[in-house]
Each structure stands twice: as C-alpha cells, then as structure tokens.
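Working notes for the structure below.
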Amino acid sequence: MLAMGFLDCILPALRLYLLGLRVLINQLLCRPFTLPELALQHGRVAIVTGGARGIGYETARHMASLGAHVIIAGQNELEGVSAVKKICEENREAKVEFEQLDLASLQSVRQFVQTFKRRCLPLHILVNNAAVMLVPEGRTEEGFERHFGVNYLGHFLLTLLLLDTLKHSGKRGSCSRVVTLSSSAHGAGEIQLDNLLNRQCYSAHAAYCQSKLALLLFSSHLQQRLDRGGFSVSSCAVDPGMVDTSLYRHLFPPARLAQTAIARLLFRFVLCPQSPTQGASTVLYTALSPSLEGEGGGYWSNGRTEMTSPNTYDPQLQLGLWDSSCRLVGLQEQHQP
C-alpha cells in the first residue's frame, strides 16, 4: 500500500516534467507566433483575472493600449494598484482599473460579479487567466483543493455568473469572447467524477494537471451550449506555452533550478521569446482578432489550433464535470446557458 501511494504521488510529477521538457523543445524548434496588428477596442470592456503580473498583466496592458476598458481582477490589492499605475504611466489615456477578486472564495466571486453588474457596464471579453501551480496542499474557503478551487471552480462560477452580461453585450459580427487559459499539462490530467475532491495521496502535480484538464473540458462544453442557444458568445482555451513567470516558483527544487537555467539559456542566447509578452500573444489573438469572429471553440497554442488529449472529447465526461461543478458551486439551472 505504501508503495502504491508513493507511485500515485511520484508518477504525476514525472509525467508533468516530461511534458514540460517536450514543450521546451517544441518552443525551441518552432517559429514563435507573431501577434498581428489588432484594431482599436474603444467602447469594449474586458475583465482579466490575475492581470497584475505575468501573462495577465501583458494581456491587460495590450488591451488597454488599444483603447479597451480593462478591469484587472485579482486578490492582491497592492499588486493590482501597482499594475494599474504602470499601465497608466505608459499610456495616460489608458482606461484600466483594479477590482478585488479572490478565486479561492466563491463568496468573493459572487461579490465581484455583483459589484460589476451594479455598474451596468457591458462585458465583451473575459480572460480566465489567474492560476496557482504546484502549491503545497491546502483548501479554499469552501474546502476545495486549491488547484481545483482556484484554477477551475472559481473561474467556472465567475464565467457563468457573468454569462448573461456577455450574451447581452455580444451581437452578430461582434461576439463576446471567453478565453480560458489551460495548459499542455492537461495531457497528464485525470478527472474522476466520483472522486473530484479527495485524494488518498496528495500530489500537487496531479492536482495542477487535473485543474487544467477541467478548464479545457469546461471551455469546450461551454461552446457547445452557446452554439445550441444561438448566443453571440464564443469560448476557447489557450495554452500560452512555457513562459518565464513566477508561476513556476513552487516547482520541485531540482526541476526549478533546471527550468531557470534552461529559460536563461533560451532567452539570453537562443532568443526564444517565451516571455510573458510572447505568452500573451495567443491570448490576445483569440480575444481580439476579427479573423476569429464567430469561430468559437478549440484549443489554441502558438497562434493556431491544436489537438488535445483524447479524454477532452468525451461528451459524458464534459457533461458530468459540468453538472458536478454546478452542484459544487451552488448554481441553479437559470444561470446555465
């Protein structure tokens, strides 16, 4: 039993690090995606979770530079205010602000949505970006494992509570868009519908991969429901690649040292552009490009759609996860598309 428990914990880590190595090699060999020039976004409103740093910050900064009204949603007020200040210093006409959102608290998610809706603003773009990665075992306010609760359930509830505003804001020829950041790590993830919350042997690696698979299943199933309803809202998932951000600070120490050394080598000598700016390119493309108008769904990486792991196409798994998630966050049918 002890041996089995050890394997249950160590195998997910091995799978994740092998996936990471493959991603690094692909980034080195493939030509990086260059974000095309995008149209101005005056009059459009965007929410970017985790927009105070990393990919989220670059996404918010670029959207603001195009004239969009950007709301950075995050937990850390000091970071959020600092991000707003930096963006405004770069562009005095930027319309950007910070709002408190703790994805580890479903109550905070609901309060954020209530505050936003009281302002009677439209919502054209929702970027589900915020994430935790390989954090020590812990629970959210409602008792969910942190990766599953923060990365997935918080965004699940946020999206569905904002969906009516997204529907009303979108129109034919100018759909509202939901962009959800997943990861190649979904390929090492497993979803057990009868055991979503409990693990006999906690593995941060397995939990992270599970959350990224859940986000991909959610994004795909959401698009199917939107299509059936004929709504002017599109949903897609994005893999930003392996980007040099603080997200990796909880890596297993030897892997962290290797990742840092490889990143420095690539960035400094090979000029591999996987900085947060490059990582945001596909996010911005899927959120703003007119060439993707009306083309919802899909999993995007390096500026193009890619195949995902076989289990992401399982309709029973998609529907089962959706129904289970609704029960976990206390959503009633009226909040579903």
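We count residues from 1, following the sequence as given.
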Are any non-hydrogen side-chain atoms of Leu163 and Leu166 less than 4.5 angstrom apart?
yes
Report yes or no: does Gln75 contribute a side-chain atom to a donor-acceptor pair with the main-chain N or O of Asp102 at less than 3.5 Å?
no
Side-chain H-bond candidate by donor/acceptor type, Ser235 with Ser219, under 3.5 Å:
yes
Within this structure, what is the CD-OG distance for the pair Gln278 and Ser281, rounded to the nearest 0.5 Å?
4.0 Å
His155 side-chain N/O to Asn151 backbone N/O, donor-acceptor pair under 3.5 Å:
yes
Non-hydrogen side-chain atoms of Glu99 and Phe116 separated by less than 4.5 Å
no
Nearest heavy atoms of Val238 and Val283, plus distance in Å:
CG1-CG2, 3.9 Å
Begin with the C-alpha distance, continue with both residues' side-chain angles, and end with the deciding distance and a verdict on side-chain contact (heavy atoms from CB on, under 4.5 Å) for Leu213 and Glu190.
CA-CA 7 Å; Leu213 174 57; Glu190 295 181 0; 5.5 Å; no
Could you tell me whether the side chain of Glu145 and the main chain of Phe148 form a donor-acceptor pair under 3.5 Å?
yes
Please give me the minimum heavy-atom distance between Gln41 and Ala39, naming the atom from each residue.
NE2-O, 3.0 Å
Asp314 and Gln318: side-chain donor and acceptor closer than 3.5 Å?
no
Please tell me whether Leu222 and Leu319 are part of a single hydrophobic cluster in this structure, the criterion being side-chain heavy atoms less than 4.5 Å apart.
no
So which atom in Pro240 and which in Gly279 form the shortest heavy-atom distance, rounded to 0.1 Å?
CB-O, 3.5 Å
Counting C-beta onward and ignoring hydrogens, is there a side-chain heavy-atom pair between Arg177 and Leu126 closer than 4.5 Å?
no
Is there a side-chain contact between Leu196 and Leu321, using heavy atoms and a 4.5 Å cut-off?
yes
Using only atom types and a distance under 3.5 Å, with no angle test, would you say the side chain of Thr312 pairs donor to acceptor with the backbone of Ser309?
yes
In sequence, state the C-alpha distance, the side-chain angles, and the governing distance for Ile47 and Val127, and then conclude on side-chain contact (heavy atoms from CB on, under 4.5 Å).
CA-CA 6 Å; Ile47 293 174; Val127 180; over 6 Å; no
Kindly say whether Gly320 contributes a backbone atom to a donor-acceptor pair with the side chain of Ser324 at under 3.5 angstrom?
yes
Run the salt-bridge test on Lys117 and Asp164 with the 4.0 Å N-O cut-off and return the result as yes or no.
yes
Determine the interplanar angle of the Phe156 and Tyr152 rings, folded into 0 to 90°, and report it as parallel if under 30°, tilted if 30 to 60°, perpendicular if over 60°.
tilted
Backbone N/O of Val96 and side chain of His69: donor-acceptor pair under 3.5 Å:
no
Donor-acceptor check, side chain of Ser234 to backbone of Gly296, threshold 3.5 angstrom: yes or no?
no
With rounding to the nearest 0.5 angstrom, report the NZ to CZ distance, Lys95 to Arg44.
14.5 Å
Looking only at atom types and distance, does a side-chain atom of Ser220 sit under 3.5 Å from a main-chain N or O of Leu216, one as donor and one as acceptor?
no
Shared ILVMFWY cluster between Leu331 and Leu193, side chains joined below 4.5 angstrom?
yes
Assess the pair Tyr299 and His186: is the distance between their ring centroids shorter than 6.0 Å?
yes
Any side-chain heavy-atom pair of Asp323 and Cys326 under 4.5 Å:
no
Closest approach of Ile72 to Ala83 (non-hydrogen atoms, all atoms of both residues)
CD1-CB, 4.1 Å
Stepwise side chain to side chain donor-acceptor pair (under 3.5 Å) test for Thr159 and Asn128
CA-CA 8 Å; Thr159 302; Asn128 291 323; 3.0 Å; yes
Could you check whether atom CZ of Arg172 has more than 12 heavy atoms from other residues, nucleotides or ligands sitting under 6.0 Å from it?
no
Nearest 0.5 Å please: distance from the OG atom of Ser182 over to the NZ atom of Lys212.
6.0 Å
Does the side chain of Leu160 reach to within under 4.5 Å of the side chain of Trp322, using non-hydrogen atoms?
yes
Could you measure the distance from the OG atom of Ser232 to the NZ atom of Lys167? Nearest 0.5 Å is fine.
11.0 Å
Can you find a pair of side-chain heavy atoms, one from Val329 and one from Glu142, that are under 4.5 Å apart?
no
Start with the C-alpha distance between Tyr208 and Ser183, add both sets of side-chain angles, then the distance that settles side-chain contact (heavy atoms from CB on, under 4.5 Å), and finish with yes or no.
CA-CA 10 Å; Tyr208 175 72; Ser183 165; 4.0 Å; yes
Smallest separation among heavy atoms of Cys175 and Glu293, with atom names:
N-OE2, 2.7 Å
Check for me, please, whether Leu226 and Leu158 land in the same ILVMFWY cluster - side-chain distances under 4.5 Å, paths through other members count.
yes
Just by distance, with hydrogens left out, do Ser105 and Glu141 show a side-chain donor and acceptor under 3.5 Å apart?
yes
Rounded to the nearest 0.5 angstrom, the CZ-CG distance for Arg53 and Asn76 is 7.0 Å
Under the side-chain contact (heavy atoms from CB on, under 4.5 Å) criterion, do Arg139 and Arg146 qualify, and how do the steps go?
CA-CA 5 Å; Arg139 299 284 167 175; Arg146 285 189 62 81; 5.6 Å; no
When rounded to the nearest 0.5 angstrom, what distance separates CG in Leu106 from OG1 in Thr140?
6.5 Å
In the structure I gave you, are the side-chain heavy atoms of Leu292 and Thr286 within less than 4.5 Å of one another anywhere?
yes
Heavy-atom pair with the smallest gap, counting every atom of Phe33 and Pro36:
CZ-CD, 3.8 Å
Taking Asn129 for its side chain and Thr49 for its backbone only, find out whether a donor-acceptor pair lies under 3.5 Å.
yes
Quick check on the hydrophobic clustering: are Leu157 and Leu101 connected, directly or via other members, by side-chain heavy-atom contacts under 4.5 Å?
yes
Would a single hydrophobic cluster contain both Tyr313 and Leu217, if residues Ile, Leu, Val, Met, Phe, Trp and Tyr are joined by side-chain heavy-atom contacts under 4.5 Å?
no
Please check if the side chain of Ser176 supplies one atom and the backbone of Gly170 the other of a donor-acceptor pair under 3.5 Å.
yes
Under 4.0 Å between a Lys/Arg side-chain N and an Asp/Glu carboxylate O for Lys86 and Glu89?
no
